[in-house]
Amino acid sequence: MRSEIAEADRIVVKVGSSSLTTPDGGALDLDRVRVLAEALSALHNSGRRVVLVTSGAIAAALVPLGLRRRPRDLETQQAAAAVGQGLLIRHYTEAFAQHGVQVAQLLLTVDDILRPTTYRNALDTMSRLFRFGVVPIINENDTVATHEIRFGDNDRLAALVAHLVRADALFLFSDVEGLYTGHPSEPGSELIRHVADVSTLQADTSRVGSKVGTGGMATKVEAAQIASQGGIPVVLTDANNLVPALSGEKVGTLFAPIGRRRPRRLLWLAHAAETRGTLHVDAGARRALISTHASLLAAGVVRVDGVFADGEPVDIVGPDGRIFARGFVGYGSQQLGQLLGRRGDEGSTLRPVVHRDQFISV
């Protein structure tokens, strides 16, 4: 598996804020930026397609704005991101240019992915950048994202981008060696080298993020689950292991792929979508959706919560009150409320509430 990863054609690399700043977290470490650019440029120049998902915009602005630590309020975060994003991409541009590589900046929010047009635009833009021989550098658009719609951290963003570009491998670089059996500071905790099935994992993920970052171990494991369940292997390790990890050496933790690749938009639906409402279904409908992958019909819907339009994402809840799927609904909430319990033979124009190709189990 490690050798296959080392030879991967399409690679997504995520680097956290703590891996790009000085030890005290007070400024962007340009030496680390240069090391990262050199390693990724070598991959790019060997014919691979590389995407960099980077944190560090807010951290890059701390010193210029006279801030001692990452701001907590949304307005200051967005202002710092607006200042830092330009600084960050400038340093990346200069560092990659030393190796003859051109880069491009893409800023994304969840809403960009939920809208069919902007989702397709993001995908088309990256495809065209690949053809131009340009390395996309992606970050969450902190200047406009809110707490309600943002990805929350770049670990999950990287996993979702890996699906978007059909990556062959995902690397998560941070300030941790990998995943441990317990908290890394506890005696007896051991590094887990290989995770065959992340869904059955039992390990301590309580380590919090650094003072310049937002992600912790729990979000990294979640990102590994998002990617591996879609057929993408994941390597989690310290940024100091950058070159060995990319070369296929046995550093950090390897999460093996456990699922088949799914349609891109359904994976975004499962892991990134902010749903607009909830459909409560009966036991028969739940069984049909899970066991036979049937479409959800109006006859199986017992209640509708929320206000949504045709085509928007909704949660699907069983009789036990637990969410078991998400889907793109075929009716607006007002119209659907008038169709509850109706069967297809009551009207030939009835279509599925959620078509079987438009939902995913969660």
Side-chain angles (χ1 to χ4, degrees), residues 110 113-116 119 148-149 151-152 156 159-160 163 196-202 218 221-232 257-362:
V110 170
I113 305 306
L114 287 180
R115 298 193 199 100
Y119 168 87
E148 289 73 25
I149 66 172
F151 285 101
R156 283 187 287 257
L160 294 166
H163 284 295
D197 187 344
V198 68
S199 64
T200 63
L201 182 66
Q202 293 184 347
V221 171
E222 182 180 350
Q225 185 170 16
I226 291 170
S228 63
Q229 286 185 340
I232 302 172
I258 58 175
R260 62 180 176 84
R261 292 185 182 271
R262 298 171 177 176
R264 292 183 179 100
R265 194 162 183 245
L266 291 185
L267 282 159
W268 286 105
L269 173 67
H271 300 292
E274 182 75 17
T275 54
R276 306 296 194 248
T278 303
L279 308 183
H280 297 261
V281 303
D282 59 30
R286 183 181 187 278
R287 186 165 52 251
L289 289 172
I290 294 177
S291 302
T292 66
H293 198 67
S295 296
L296 175 61
L297 305 179
V301 182
V302 297
R303 194 174 93 225
V304 176
D305 293 336
V307 178
F308 49 84
D310 177 3
E312 290 193 315
V314 294
D315 290 320
I316 304 175
V317 174
D320 58 359
R322 297 180 62 180
I323 299 171
F324 68 90
R326 284 180 171 180
F328 293 103
V329 68
Y331 294 92
S333 53
Q334 184 175 4
Q335 184 181 10
L336 182 56
Q338 301 171 357
L339 299 176
L340 299 187
R342 288 185 59 180
R343 300 187 178 276
D345 56 4
E346 295 180 28
S348 59
T349 59
L350 280 183
R351 60 183 183 274
V353 173
V354 177
H355 191 274
R356 64 183 182 180
D357 294 332
Q358 296 293 316
F359 83 89
I360 188 169
S361 300
V362 294

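Small disclaimer: the values here were computed from a predicted structure and weren't measured.
- Residues passing the salt bridge (Lys or Arg N to Asp or Glu O under 4.0 Å) test with Arg356, sequence neighbours excluded: none.
- Across all non-hydrogen atoms, the minimal contact from Ile316 to Gly327 is CD1-N, 4.4 Å.
- Closest approach of Ala283 and Pro319 over heavy atoms only: N-CG, 3.5 Å.
- Every pair passing ring pair (Phe, Tyr, Trp, His ring centres under 6.0 Å) that includes a residue from residues 293-316 is listed here, sequence neighbours excluded: His293-Phe359.
- Put simply, the side chain of His163 reaches to within 4.5 Å of the side chain of Ile226, judged on heavy atoms.
- The two residues Ala196 and Ile258 come nearest to each other via the heavy atoms O-CG2, 2.9 Å.
- Atom CZ of Arg156 is separated from atom CD of Gln225 by 11.5 Å, given to the nearest 0.5 angstrom.
- Shown here is Gln335, whose CD atom has more than 12 heavy atoms of other residues, nucleotides or ligands within 6.0 Å.
- For Tyr331 (side chain) and Ala298 (main-chain N/O), no donor-acceptor pair under 3.5 Å exists by modelled atom type.
- In this structure, the separation between CD1 on Ile323 and OG1 on Thr278 is 6.0 Å, given to the nearest 0.5 Å.
- In this structure, Asp282 has no salt bridge (Lys or Arg N to Asp or Glu O under 4.0 Å) partners at least two apart in sequence or on a different chain.
- Atoms CD1 and CZ, from Ile360 and Phe328 in turn, are 9.5 Å apart once rounded to the nearest 0.5 Å.
- Taken to the nearest 0.5 Å, the OG atom of Ser295 stands 8.0 Å off from the CG atom of Leu289.
- Heavy atoms only, all atoms of each residue included: Arg326 and Thr275 are closest at NE-CG2, 3.6 Å.
- Arg303 places no side-chain N or O within 3.5 Å of a backbone atom of His280 that could act as its donor or acceptor partner.
- Summarising the geometry, atom OG belonging to Ser333 is positioned 8.5 Å from atom CD belonging to Glu312; distances are rounded to the nearest 0.5 Å.
- Just one of Leu336, Val302, Asp315, Val317 meets the side chain to side chain contact (heavy atoms under 4.5 Å, CB included) condition when paired with Leu279; it is Leu336.
- Residues Arg351 and Gly330 come closest through the heavy atom pair NH2-O, 2.6 Å.
- Counting heavy atoms from C-beta outward, Leu297 and Val353 have side chains that stay 4.5 Å or more apart.
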task = Tell me, with the steps shown, if Val329 and Asp310 meet side-chain contact (heavy atoms from CB on, under 4.5 Å).
result = CA-CA 6 Å; Val329 68; Asp310 177 3; 5.5 Å; no
